[in-house]
S.K.: 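Quick one: this structure, given as structure tokens, is what I'll be asking you about.
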Amino acid sequence: SAASRRTVRMAFASTSSIRIRDISGTSFRDNIKTFRQVTASTADIISEGNTSSSPKSSSLHTVMVKRNRQSQHFREGAPLIFGNSIAATFSENGYDDSIPLGSLVAVYVGRDDAQKKKGKKYKKTPSNEPVYTHTNYDSSEAAQYHSTINNSQLIGYGVYNPHSMYRVRILMHATQHPVLAKESKKKQKQRVEDHDSAILKSILERKMSDAMNLRLAMNLPSESTDTYRLVNGEGDGCSGLAVDIIGGSTAIVMSSAAWCEVHKEAIVAVLEGLLKDHPSYDGADIEIIWRNTPSRLKQDGYELSFENQESEEDDTAVIATESSVKYLTYPYSNGQKTGFYCDQRDNRLMVAEYCRDKRVLDLCCYNGGFALNAMVQGAAESIGVDSSQDAVDAATANAKENDLDPAKISFVRDDIAAYMKSAMNQEEEFDVIVLDPPKLAPNLSTLDKASRKYHALNRDAMNLINRDKGGLLLTCTCSAAMTQKDGGQYFLNMVNGAGLSAKRRVTLLRVNGAAPCHTQSPASFPAGAYLTAALFHVGPVGS
């Protein structure tokens with residue numbers, strides 16, 4: 001079908017920080033600064049095929065899911081609906097071929113006869129795409145379809161994507177938000193002007209407000225920490241959307257789903273209002289920055305073009321404070337992700353408490369987080385190693401920012417495997433080692449190869465632990481495939497195997513995940529779990 005061939009592209013700048021417009025209407029109104037776009041411009045949205053890429057504001061869209069065990073999961077809060085779970089889709093005054101990308105849809109559990117309605121069927125493609133009917137009807141035919149819809153059970157409201165394996169991302173479940181669901185249904189029934197936008201705005205306001213209150217309950221922000229995750233995708237009911245607060249002055253929006261790009265203005269407007277009314281930011285200047293991940297968007301059927309954009313690096317620094325440790329971050333540059341990893345906050349502090357008077361090695365140190373925290377807590381010496389010179393420079397600058405003694409903390413650019421081999425040859429020893437490598441297993445197909453790499457790194461790290469007294473090893477993986485395999489046992493077995501290879505006895509002390517501001521939905525757990533931080537005691541040689 002035409003829908004299956006269409007792609008949506010956006011102009012994309014790889015390094016530039018592009019000022020799009022003032023989302024408040026006037027510059028610096030209510031102390032909320034200008035909205036910036038770091039990686040993509042909305043100016044060049046291109047539709048291929050027919051005009052059905054643009055939702056009609058008067059259209060009503062419905063998705064009927066099959067009545068089976070899977071639909072029970074949706075009713076219980078699972079946020080992602082795959083194509084093979086859909087029985088049929090309907091549009092009133094819509095388009096004949098499909099519900100357009102990004103459209104708000106009401107999701108119902110259909111009865112058996114809903115699947116037998118005549119309509120245009122999607123043809124099965126070589127990629128084995130799901131087959132279900134789409135029916136577009138006008139007002140004269142509405143009664144019979146309304147009867148079918150009204151006799152079905154409302155699951156909730158979400159956003160539709162005909163190009164993605166996730167056909168619907170549910171943003172609001174009726175069982176969790178019965179009042180909001182009733183109000184939304186009423187707006188649709190009464191044909192409130194631009195009802196889709198009004199319903200989506202109400203949903204986003206509720207979700208972001210709930211996310212804010214949840215963080216306030218965790219004492220975020222606080223005097224010691226002004227950097228944290230405000231919205232965490234499915235954990236906060238906003239699949240594909242994340243928002244980090246950096247330094248209490250910058251809000252970084254990370255978009256990884258097509259619906260976020262389509263509804264960018266609505267998201268930013270709601271976020272602006274939330275920050276303006278946030279009790280912790282009264283009178284503060286908050287700047288909103290938009291980032292996206294092209295690879296994830298491409299998987300979601302939303303392609304970005306790198307054409308006609310000038311690149312301009314912005315090295316403006318923002319000081320982030322976490323557990324009273326200061327970090328120089330660069331949210332306007334083309335750095336990694338949002339410019340700062342706040343998911344390891346609790347783990348950095350936890351390990352640091354064991355580091356007083358100890359010699360510490362921080363492998364894959366990035367901006368020096370574990371090494372810095374160790375020194376603040378009284379470590380005798382900390383060494384950080386990273387293969388990136390930018391990371392080493394940033395960590396060194398962070399040590400200076402925290403007035404740490406350069407004779408006791410240093411950072412080295414090197415491949416960590418090569419560094420550990422050299423350290424073993426020189427018979428160096430450490431009391432505490434942190435091993436926090438980048439994602440080595442992006443998916444299950446790479447898990448075996450990644451496991452061998454993890455095994456070798458952990459084995460060599462254990463060989464650097466104090467031979468006479470033993471010491472602590474915090475070993476991490478940010479690979480969801482590794483974290484989720486066998487409920488987490490796979491990773492622990494790998495570490496145990498590395499201990500056997502190193503001929504060192506290992507004892508598991510605790511297993512942590514990401515900081516709690518990286519919320520997870522219990523309905524989709526462990527799919528949202530990606531980080532494992534396991535603390536081991538490594539016994540002395542020959543014990």
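Counting from 1, the numbers follow the sequence of the chain as shown.
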S.K.: L297 versus E261: any side-chain heavy-atom pair under 4.5 Å?
M.R.: yes
S.K.: Any donor-acceptor pair under 3.5 Å linking the side-chain atoms of S451 with those of Y490?
M.R.: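 Per modelled atom types, Y490 and S451 side chains form a pair under 3.5 Å.
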S.K.: For the atom pair OH (Y341) and CG (D244), what is the distance rounded to the nearest 0.5 Å?
M.R.: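 Taking OH in Y341 and CG in D244, the distance rounds to 11.0 Å.
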S.K.: Would you sort out whether L271 and V253 count as a side chain to side chain contact (heavy atoms under 4.5 Å, CB included), showing the intermediate values?
M.R.: CA-CA 9 Å; L271 178 60; V253 183; 3.6 Å; yes
S.K.: Does H173 reach the main-chain N or O of A78 with its side chain, forming a donor-acceptor pair under 3.5 Å?
M.R.: yes
S.K.: Okay, side chain of S521, backbone of A523: is any donor-acceptor separation there less than 3.5 Å?
M.R.: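 It does hold such a pair.
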S.K.: Taking the side chain as every heavy atom from C-beta outward, state whether T250 and I289 have any atom pair closer than 4.5 Å.
M.R.: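 A side-chain contact under 4.5 Å exists here.
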S.K.: With a 3.5 Å distance limit and no angle check, can you tell me whether R291 reaches the backbone of P331 through a side-chain donor-acceptor pair?
M.R.: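 Checking the backbone N and O of P331 against the side chain of R291, a donor-acceptor pair under 3.5 Å is found.
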S.K.: Should we say atom CD of Q389 is surrounded by more than 12 heavy atoms from elsewhere, each under 6.0 Å from it?
M.R.: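 For Q389, atom CD is crowded (more than 12 foreign heavy atoms under 6.0 Å).
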S.K.: Salt bridge (charged side-chain N to carboxylate O under 4.0 Å, His left out), that's the test. Do K400 and D405 meet it? Break it down for me.
M.R.: CA-CA 8 Å; K400 184 177 181 180; D405 187 349; over 6 Å; no
S.K.: Could you tell me whether the side chains of T519 and D236 share a donor-acceptor contact shorter than 3.5 Å?
M.R.: yes
S.K.: So, do V392 and V412 sit near enough that their side-chain heavy atoms are less than 4.5 Å apart?
M.R.: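 V392 does not reach V412 side chain to side chain.
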S.K.: So, taking the atom named OG1 in T477 and the one named CG in L435, what distance separates them when rounded to the nearest 0.5 Å?
M.R.: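 Rounded to the nearest 0.5 Å, the OG1-CG separation comes out at 9.5 Å.
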S.K.: What is the distance from atom CD of Q344 to atom CE of M350, rounded to the nearest 0.5 Å?
M.R.: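 Answer for the CD-CE pair, Q344 versus M350, is 8.5 Å.
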S.K.: Counting distance only, does the side-chain N/O of D436 pair as donor-acceptor with the main-chain N or O of C476 below 3.5 Å?
M.R.: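 No; judged by distance alone, with no hydrogens or angles, the pair does not exist.
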S.K.: Under a 3.5 Å distance rule, please check whether S222 uses its side chain to pair with a backbone N or O of T225 as donor and acceptor.
M.R.: yes
S.K.: Within the side chain of S410, is there an N or O that forms a donor-acceptor pair under 3.5 Å with the backbone of P406?
M.R.: no
S.K.: Checking N443 against S445: is there a side-chain donor and acceptor pair closer than 3.5 Å?
M.R.: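 The criterion, which ignores hydrogens and geometry beyond distance, is satisfied for N443 and S445.
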S.K.: Is there a donor-acceptor contact under 3.5 Å linking the side chains of Q426 and S422?
M.R.: yes
S.K.: Quick one, S239 with L80, criterion side chain to side chain contact (heavy atoms under 4.5 Å, CB included). Give me CA distance, side-chain angles, the key distance, then yes/no.
M.R.: CA-CA 8 Å; S239 178; L80 301 175; 3.5 Å; yes
S.K.: Are the side chain of S479 and the backbone N or O of M482 linked by a donor-acceptor pair below 3.5 Å?
M.R.: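 No, S479 side chain to M482 backbone: no donor-acceptor pair under 3.5 Å.
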S.K.: Going by heavy atoms in the side chains, are E322 and C342 under 4.5 Å from each other?
M.R.: yes
S.K.: Is the backbone N or O of A515 less than 3.5 Å from a side-chain atom of D346, with the two atoms forming a donor-acceptor pair by type?
M.R.: no
S.K.: Measure across A480 and A529 and return the closest heavy-atom pair with its distance rounded to 0.1 Å.
M.R.: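 A480 and A529 have their closest heavy atoms at CB-O, 3.7 Å.
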S.K.: Within a strict 4.5 Å, meaning less than it, do heavy atoms of the T227 and I245 side chains meet?
M.R.: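 Contact flag for T227/I245 side chains = no.
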S.K.: Rounded to the nearest 0.5 Å, what's the gap from CZ on F536 to CZ on R505? Could you check?
M.R.: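 Taking CZ in F536 and CZ in R505, the distance rounds to 13.0 Å.
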S.K.: Rounded at 0.5 Å granularity, tell me how far CG in L457 sits from CE in M494.
M.R.: 9.0 Å
S.K.: Search all heavy atoms of D315 against all heavy atoms of Y330 and return the closest pair with its distance.
M.R.: O-CD2, 3.3 Å
S.K.: Tell me, yes or no, whether the heavy-atom count around R296 atom CZ, taken from other residues, nucleotides or ligands under 6.0 Å, exceeds 12.
M.R.: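 It does not: R296 CZ has 12 such atoms or fewer within range.
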S.K.: Decide yes or no on side chain to side chain donor-acceptor pair (under 3.5 Å) for N161 and Y302, but give the supporting numbers first.
M.R.: CA-CA 10 Å; N161 188 339; Y302 200 92; over 6 Å; no
S.K.: Could you walk me through whether L372 and L404 pass the side chain to side chain contact (heavy atoms under 4.5 Å, CB included) test, one step at a time?
M.R.: CA-CA 8 Å; L372 295 170; L404 298 176; 3.6 Å; yes
S.K.: Do N398 and N367 have side-chain N/O donor and acceptor atoms under 3.5 Å apart?
M.R.: no
S.K.: Ignoring hydrogens and angles, state whether a donor on the side chain of Y332 or E287 is under 3.5 Å from an acceptor on the partner side chain.
M.R.: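 E287 and Y332 do have a side-chain donor-acceptor pair below 3.5 Å.
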S.K.: May I ask you to say whether R413 pairs ionically with D390, meaning some side-chain N is under 4.0 Å from a carboxylate O?
M.R.: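 Here R413 does not pair with D390 in a salt bridge, since their nearest N and O are not under 4.0 Å apart.
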S.K.: R459 side chain to G499 main-chain N or O, any donor-acceptor pair under 3.5 Å?
M.R.: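 Absent.
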S.K.: So among L363, V495, L535, V434, which one has a side-chain contact (heavy atoms from CB on, under 4.5 Å) with T475?
M.R.: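 It is V495; the other options fail the test.
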S.K.: Taking all heavy atoms of C355 and all of V360, pick out the closest pair and write down the distance.
M.R.: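 For C355 versus V360, the nearest heavy atoms are SG-CG2, 3.7 Å.
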S.K.: Looking only at heavy atoms, what is the nearest atom pair of P437 and Y454, with distance?
M.R.: CG-CE2, 3.7 Å
S.K.: Using 4.0 Å as the upper bound for N to carboxylate O, is an ion pair formed by R359 and E429?
M.R.: no
S.K.: To the nearest 0.5 Å, what is the distance between CG on L275 and CG on D285?
M.R.: 12.0 Å
S.K.: For the pair R229 (side chain) and H518 (backbone), establish whether a donor and an acceptor sit closer than 3.5 Å, ignoring hydrogens and angles.
M.R.: no
S.K.: Check this for me: F74, atom CZ, are more than 12 non-hydrogen atoms of other residues, nucleotides or ligands nearer than 6.0 Å?
M.R.: yes
S.K.: Has Q489 got more than 12 heavy atoms of other residues, nucleotides or ligands less than 6.0 Å from its CD?
M.R.: yes
S.K.: Can you tell if the side chain of P294 reaches within under 4.5 Å of the side chain of K298, non-hydrogen atoms only?
M.R.: no
S.K.: Work out which heavy atom in R169 is nearest to a heavy atom in G240; give both atom names and the distance.
M.R.: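 Closest approach of R169 to G240, heavy atoms only: NH1-N, 4.0 Å.
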S.K.: For D468 versus P540, what's the shortest heavy-atom pair and its separation?
M.R.: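 Heavy atoms of D468 and P540 come nearest at O-CB, 3.2 Å.
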S.K.: Quick one, Y228 and P221 - any side-chain contact, counting heavy atoms below 4.5 Å?
M.R.: yes
S.K.: Could you give me the CA-CA distance, side-chain angles and deciding distance for E381 and K358, then say whether side chain to side chain contact (heavy atoms under 4.5 Å, CB included) is met?
M.R.: CA-CA 7 Å; E381 180 186 5; K358 303 292 179 60; over 6 Å; no
S.K.: Do L241 and M254 have side chains that get closer than 4.5 Å, going by heavy atoms?
M.R.: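 L241 vs M254: side chains apart.
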S.K.: For a side chain to side chain donor-acceptor pair (under 3.5 Å) check, start with the C-alpha distance between S224 and S324, then their side-chain angles and the critical distance, and finish with the verdict.
M.R.: CA-CA 5 Å; S224 62; S324 299; 4.7 Å; no
